[in-house]
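Take a look at the structure set out below.
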Amino acid sequence: MSEHHPDHEYRPDAVEAKWQALWNERHTNEPDLDRGARPFYNLMMFPYPSAEGLHVGNCFAFTGADVYGRFQRLRGHTVFEPMGFDAFGIHSENFAIKLGIHPAQLIPRNIVNFRRQLTRLGGMFDWRHVLSTTDPAYYKWTQWLFLQLYQAGKAYKKKAAVNWCPHDKTVLANEQVINGSCERCGTPVEQRFLEQWFFRITDYADRLLANLDDATKMDWSASTTIAQRNWIGKSQGAEIEFASAAGPIRVFTTRPDTIFGATFMVLAPEHPLVAQLTSPAQRGAVAEYLRATQAKGIVARKVGDKEKTGVDIGGKAVNPATGTEIPVWIADYVLMEYGTGAIMAVPGHDERDYAFATKYRLPIVRVLAGAGESAETPLAEAATDLADAHLVNSGTFDGRPASDAGTAIVAWLEGEKLGRGMVQYRLHDWCISRQRYWGPPIPIIYCGSCGPVPVPEKDLPVLLPEIDDFRPDDSGISPLARHKEWYEVPCPTCGAPAHRETDVSDTFLDSAWYPLRYLSTEFDDRAWDDARVARWTPVASYIGGNEHAVLHLLYSRFIAMVLHDRGQLPFEEPFRKFRAHGHIVKDGAKMSKSKGNVVVPDQYIARWGADTFRMYLMFLGPFEEGGDFRDEGMSGPRRFLDKVWDLVAECDRRTLSGVELQQAIVVKWNQTKKKVTEGLENLSYNTAIAALMELLNAMRAVNCGERKMVKDMVIMLAPFAPHFAEECWERLGHQTSVFDTAWPEWDEALTIEQTAEIPVQVNGKTRSRVQVPRGASEKVVVAAARRDPSVTRFTEGKDLIKVVYVKDRLLNLVVGP
RNA sequence: GCUGGGGUGGCGAAACUGGCAAACGCAAGGGACUUAAAAUCCCUUGGGCGCAAGCCCUUGCGGGUUCGAUCCCCGCCCCCAGCACCA
């Protein structure tokens, strides 16, 4: 069909090099942030620049986001698509330790490599606004941000448990603890208590929750909002006082209706009243249990086997409902950080309490009875899911439905001053302290007389000193403490000898505000520029992995809220639209270094070209679900591009004559424009590409090379294959970038076929199809069906019971036997 | 255990949230072109029965609702991801 002249062949390497150079030269990807019309902030989660470089999973995510940005640009927006590097953190630090290279040397090297790969991939990145969180010009403002929270009263210090590896003698992040042991050496982890900085994110729990349902502020993937809702974990319940020799013990419960069944009480081992309530006889056993708990470590305690352990501390408490004395125990399944750190145990109706009561032979009382049960029906297990339950063994509340007994009991307890309704959240305050080296030092100075003093703004950044021995050691404090000349400073307030905070902040603080900095990288006198922020935020589209559904996305929202309340930001929700992308799997498993199935993009780009690689990634499965990466898949999209290349070469040489032919393809053409546009809007990239392939096939089938259609094809291909489209656009005789042209419009009336092919079913089974004019009446279609022998064969001599006709869709004749 | 997402040809997948199951692509087979191979082009390709027109079966399994179910309901099984004693 097409004659192949060597100089007319599609050569991706040449085309891509040419256009990358031209984009650079013409500043194609650098929007005017102060004047551009219809601003559209197209954001993707910035990568951690690992030594291995980009892998195809990153390419998939970035390409999908880039396709969306390019599409928005073609629809007339000024699109800002920045890229940066999330380069601080334990990840980088551990890798640097492993290689024996200082992270300050390693990271810039990795960034150079990442930037090369990202450019090669053909992203529409505005590199004028690149940032790295490790750059003092960036973390100066991360430290400033900490001070904003400090001034707002949202930062505080308290003692908290950390994971401690006694072998490596270092603090571990929760994710470095695998099944209760250190991920590196396998030694069981212990818990230690250190003073740490926290942010009061729990103050915002209700707003963080409420905005999730506010469609005017947030249009997010449902999976992400659900994950956030669960993470915040709001529980409605009651706080109830149980009297004891050491004063009232408060418990939190979501099931006040079961209070008459509370036969014992359990305190967290760390509960402040434990010592007072311990009877002399039990002191030894209690001390032993507390030792064992501490040795377990915080993660081990939560993750380890679920076998419940505990000790009777000998003290007594009074159940306020029954007035009876009940024993008080401690057990590590009760957590100090949730509720009040104490529970009323209702073994009859709670699985954990039941297991505990059975093991330690504590009394079990039934206080709820389901249908057909009475107060005496024996319990073989905890009855937690009774349908239509009513109260039994519950004094004056007997017989009340469990569904409303809770409120009644809380009201009664409130009247007696023994309790009140209460809301609890699973969400904890955000611990931002890291006893590590590779992060922004927390800008606080401790003075013997002034206490903690924030570093004055003029002294920011507190530079992270370049030290060789950056490894954590057995002191349990950051390596920074070992550097006298850095550590010892005069107090900014009184000038007396003082010392710096030695913890660095969590990487999630770096990433909680980076979208603001992208807009403002050229200003070194402010964290962000208000005019720019007003113009470009909230972010129009944010695309990233759902592994950040809770931490990063929740912290970013929290930071925005605090700043909004201080009048420093015009919005409280930073991301107008968020979509979670899927993940690339290889041979049925998620790509990971440990499985050894990580694929790097370079070889594929070298062999097929970036455009084919991009097309393949977008075609292999739905963007929001991901898919399986297979080398063989690459040839399909490449063949498609080759054919489009030829079509462009032969444009105008193949013109259609014949009205019918023209009409047949015109409908397809309009349908394709509609499908591709909607596909891009919904991130259904795989079906959008399929639609383009269909149009190409249809055009080739009738030997059509209409210029208008070829033009549209090239424009619609541009988001996926940008260099290729630019080259084709130029070959079609245009002097400007294809991205400065307008997205094709379609005529809705022309997306509809003139005739409809109606499947004719008999009793639900398709027996034939009839051609009728579009919009034909039931009468016409039935008549046509009646003339069709392959239909009449099944209807002959039978009673027609019912006719189901869906216009232009289907006819179903229901006949008797 | 809980939450979310899945299970459709040899493979990746599609299907207007009830209306022709398998679009598009890969792989495979056959043919054309070629000295040959590659590339390209044309045809076939869910399974079964049949010379054939055609018929029967088929969306993880078992039930249900419906004229009609990949889609809705009930009960299971399996895979992936996240959370994990939250009272």
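Letters go in sequence order (proteins before strands), and every chain restarts at 1. Side chains are part of it too, since the values below use all heavy atoms of this structure and drop only hydrogens, waters and symmetry mates.
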Whole-angstrom distance between B/U44 and B/G82, as gauged at atom C1' | 45 Å
What protein N or O atoms touch nucleotides 1-7 of chain B N or O atoms at under 3.5 angstrom, if any, and at what distances?
unit_1: B/U3; atom_1: O2'; unit_2: A/N230; atom_2: ND2; d: 3.0

Does B/G29 have a Watson-Crick or wobble mate here (both distances under 3.5 Å), and if so which one?
-> B/C43
Please determine, for B/C61, whether a Watson-Crick or G-U wobble partner exists with both distances under 3.5 Å, and give it or none.
->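 B/G75 is the nucleotide pairing with B/C61.
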Pick base, sugar-phosphate or nothing for [X], based on heavy-atom distances below 4.0 Å to the nucleic acid.
X	result
A/S635	sugar-phosphate
A/E351	nothing
A/R793	sugar-phosphate
A/R638	nothing
A/P622	sugar-phosphate

Please check if the distance between the ring centroids of [X] and [Y] is under 6.0 Å.
X	Y	value
A/Y604	A/F629	yes
A/F508	A/W430	no
A/F720	A/F619	no

Face-on cation placement of A/R767 at A/F794 ring, 6.0 Å and 45° thresholds =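 Output yes; distance and angle both within limits.
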Distance under 6.0 Å and angle within 45° of the ring axis: does A/K308 meet both against A/F356?
-> no
A/K234 has an atom NZ; how far is it from atom C1' of B/C86, in whole Å?
-> 16 Å
How close or far is atom P of B/C85 from atom CZ of A/R426, stated in whole angstroms?
->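 Rounding to the nearest Å, CZ of A/R426 and P of B/C85 are 8 Å apart.
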Name the residue closer to the 5' end of RNA chain B, choosing between A/N697 and A/N763 according to the nucleotide with the nearest heavy atom.
-> A/N697
Determine whether more than 12 heavy atoms belonging to other residues, nucleotides or ligands lie under 6.0 Å from atom CG of A/D213.
->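 Yes.
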For A/E678, does the CD atom have more than 12 heavy-atom neighbours from other residues, nucleotides or ligands under 6.0 Å away?
-> yes
Report the glycosidic orientation of B/G64: syn if within 90° of 0, anti in every other case.
->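 This nucleotide is in anti.
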Any side-chain N or O of A/S235 under 4.0 Å from OP1/OP2 of B/A87?
-> yes
So which of residues 803-815 of chain A are in contact with RNA chain B, with a heavy-atom cut-off of under 4.0 Å?
-> A/V804, A/V806, A/R809, A/L810, A/N812, A/V814
